[in-house]
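Working notes, structure below.
None of these values were measured; they are calculated from a predicted model. The sequence lines fix the lettering, A, B, ..., with proteins before strands; numbering per chain opens at 1.
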Protein chains: 2
Amino acid sequence: MSGASLHQRITADLGGEIRSGAWPPGHRIPFEHELMARYGCARATVNKAVHALAVQGLVERRRKAGTFVAAPHITSAVLQIPDIRAEIESRGQRYAWARLAWRIRPARPGGDEAPLDPAGDLLQVKGLHIAGARPFALEERLINLAAVPKAADCEFKHVAPGAWLLAHVAWTEARHEISAINPDPETAAALSHARACLVLKRWTWRQQAGITFARQVFAAETIELTARFTPGGP
Amino acid sequence: MSGASLHQRITADLGGEIRSGAWPPGHRIPFEHELMARYGCARATVNKAVHALAVQGLVERRRKAGTFVAAPHITSAVLQIPDIRAEIESRGQRYAWARLAWRIRPARPGGDEAPLDPAGDLLQVKGLHIAGARPFALEERLINLAAVPKAADCEFKHVAPGAWLLAHVAWTEARHEISAINPDPETAAALSHARACLVLKRWTWRQQAGITFARQVFAAETIELTARFTPGGP
DNA sequence: TAGTGGTCTAGACCACAGC
DNA sequence: CTGTGGTCTAGACCACTAG
């Protein structure tokens with residue numbers, strides 16, 4: 001860490017005290033002027049260092065009172081939902097996409113598309129994500145053509161809708177649902193998997209405009225998550 | 001926003017251009033010296049503002065080249081794993097905990113406890129989280145008594161292990177796995193639910209010391225998640 | 001090599017919350 | 001009222017890298 005900048009070193013030092021438990025929640029960490037003396041630097045530098053800890057959620061700062069070690073949150077964790085292709089390739093398997101169906105149809109009230117509040121036509125694509133030679137996930141995708149008219153020009157024969165959208169449209173908000181189902185016979189046949197399956201549903205918006213809905217049925221794969229102390233986020 | 005500080009206003013201004021789509025991914029935002037002129041302030045101020053955008057993941061900065069609007073990540077979302085009791089009560093239902101089993105047993109190699117790397121005895125608790133009159137989740141809990149000896153004094157008859165641990169032990173790291181199963185007959189009977197179930201496994205550590213493992217089988221409830229544009233996290 | 005961002009300084013004034 | 005953190009300035013030098 002000697003190559004890092006001074007404020008990064010200070011942040012790491014103080015963060016280490018907190019994560020090690022030497023400074024428990026509620027403990028007042030040194031004042032900025034004390035840290036100035038300890039590190040022999042300007043106040044702006046220690047301020048930047050301690051401010052970074054506050055952004056990370058490790059400390060809370062109060063004028064006149066000082067800076068205190070924060071209590072860890074339990075309610076939030078960082079969920080890794082990798083791109084399916086990246087997930088498969090990171091396992092060293094070959095990725096393939098097989099399109100099963102493609103059509104344009106008018107939006108209907110109700111159903112999974114309702115949260116997108118689509119106005120005109122939807123592009124509906126169905127296909128299979130394949131890892132090596134085995135089915136990995138079955139995907140049903142709806143794309144709001146009013147928001148993404150260019151999508152109608154893509155047949156999604158060789159590129160999955162998620163990959164195409166990622167390259168062409170930015171999203172600002174998403175909602176996810178994870179659930180468990182017993183697959184219907186058609187799904188079970190497509191996945192070669194008849195037991196319980198994980199289902200991930202994802203709705204994506206850009207500025208209140210519904211972009212796309214995806215429903216991915218996994219072959220009972222497990223989704224793994226890691227959470228660290230106060231991972232933060234607003 | 002006129003009450004906010006200048007660097008916050010600059011951050012909000014630039015962030016607005018990006019989120020609105022006026023500046024698409026890949027677009028080069030104004031140089032720092034241009035922003036200095038535009039806002040009539042020192043470089044340190046615009047640097048702080050643009051740096052905040054970089055921390056949020058909205059932009060990427062490259063020396064000599066400039067600052068560019070980043071492509072949104074899809075890979076991370078904030079997962080809300082509320083306390084089960086809080087979840088049930090937030091739905092307006094009465095919460096209850098029913099202990100089914102309690103015992104102390106030596107740690108065994110392998111199995112779900114392995115990641116905790118327990119040294120001595122484990123406290124094993126099994127029970128049911130109940131919403132109103134219906135089973136909500138079946139929980140199997142292991143507590144590492146070497147790390148939390150006080151837990152042996154609690155019978156967990158009227159308080160669930162998660163609630164007790166939350167009040168008595170701080171954690172620094174956790175790992176989660178979500179999967180789907182078809183319940184075995186015993187589990188199906190306890191949950192009054194024979195179809196596919198969601199399973200959440202959670203391992204919790206404090207400084208490399210394994211604290212507890214929990215396996216919660218839900219009655220096919222759905223876990224919901226919300227993600228915003230580049231919610232960040234390291 | 002020139003220009004960008006990364007870092008740092010030695011000040012300053014202010015808002016706010018404890019005392 | 002005092003002391004803390006919040007903010008800002010007008011410089012400076014440096015590291016990296018695109019051209």
- Task: Kindly point out which of D:dT4, D:dA18, D:dG5 is positioned nearest to the side chain of A:H33?
- Result: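 For the A:H33 side chain, the nearest candidate turns out to be D:dT4.
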- Selected nucleotide, minimal atom distance to B:F31 side chain, candidates C:dT7, D:dT4, C:dG5: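 Of the options given, the side chain of B:F31 lies nearest C:dG5.
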- Message: Counting only heavy atoms not in B:R28 (residues, nucleotides, ligands), do more than 12 fall under 6.0 Å from its CZ?
- Response: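 More than 12 heavy atoms, drawn from other residues, nucleotides or ligands, come within 6.0 Å of this atom.
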Check whether any side-chain N or O of [X] sits under 4.0 Å from OP1 or OP2 of [N], and answer yes or no.
{"X": "A:S5", "N": "C:dG6", "answer": "no"}
{"X": "A:T67", "N": "D:dT4", "answer": "no"}
{"X": "B:R61", "N": "C:dG6", "answer": "yes"}
{"X": "B:H7", "N": "D:dC8", "answer": "yes"}

Please state how far atom [atom1] in [X] lies from atom [atom2] in [N], giving the value in whole angstrom units.
{"X": "A:R63", "N": "C:dG18", "atom1": "CZ", "atom2": "C1'", "value": "13 Å"}
{"X": "B:E60", "N": "C:dG6", "atom1": "CD", "atom2": "C1'", "value": "17 Å"}
{"X": "B:E32", "N": "D:dA15", "atom1": "CD", "atom2": "P", "value": "18 Å"}
{"X": "A:K64", "N": "C:dC14", "atom1": "NZ", "atom2": "C1'", "value": "16 Å"}
{"X": "A:L6", "N": "D:dC13", "atom1": "CG", "atom2": "P", "value": "19 Å"}
{"X": "A:R9", "N": "C:dT7", "atom1": "CZ", "atom2": "C1'", "value": "14 Å"}
{"X": "B:Q8", "N": "D:dG6", "atom1": "CD", "atom2": "C1'", "value": "9 Å"}

- Item | A:T212-A:R141 side chain donor-acceptor pair, cut-off 3.5 Å |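 Looking only at side-chain atoms, A:R141 and A:T212 do form a donor-acceptor pair, the distance falling under 3.5 Å.
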- Task: Give B:H51 one of three labels, base, sugar-phosphate or nothing, depending on what nucleic acid heavy atoms sit under 4.0 Å from its own.
- Result: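 Here B:H51 touches no strand at all.
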- Query: Is there a donor N/O on one and an acceptor N/O on the other, under 3.5 Å, for the side chain of A:R62 and the base of C:dA17?
  - Reply: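 Check fails, no donor-acceptor contact within cut-off.
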- Query: Would the A:W102 and A:F156 ring centres measure less than 6.0 Å apart?
  - Reply: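 No - the distance between ring centres of A:W102 and A:F156 does not fall below the 6.0 Å cut-off.
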- Message: Quick check on the 6.0 Å ring-centre criterion: do A:H129 and A:W97 meet it?
- Response: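 Distance test on ring centres: under 6.0 Å, yes.
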- Task: Locate the shortest heavy-atom distance separating A:G15 from A:L58; write the atom from each residue and the value.
- Result: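 Looking at all heavy atoms of both residues, the closest pair is CA-CD1, 4.3 Å.
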- Considering all heavy atoms of both residues, which atom of B:G66 and which atom of B:F31 are nearest to each other, and what is their separation?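 In terms of heavy atoms, the two residues are closest at CA-CE2, 3.9 Å.
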- Item | Secondary-structure notation, DNA chain D, from Watson-Crick and G-U pairs under 3.5 angstrom (| other strand) | ||||||||||||||||||.
- Query: Which residues in residues 35-50 of chain A have at least one heavy atom lying under 4.0 Å from any atom of DNA chain D?
  - Reply: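 A:R43, A:N47 - these, ordered by number, are the residues of the stretch whose heavy atoms sit under 4.0 Å from the strand.
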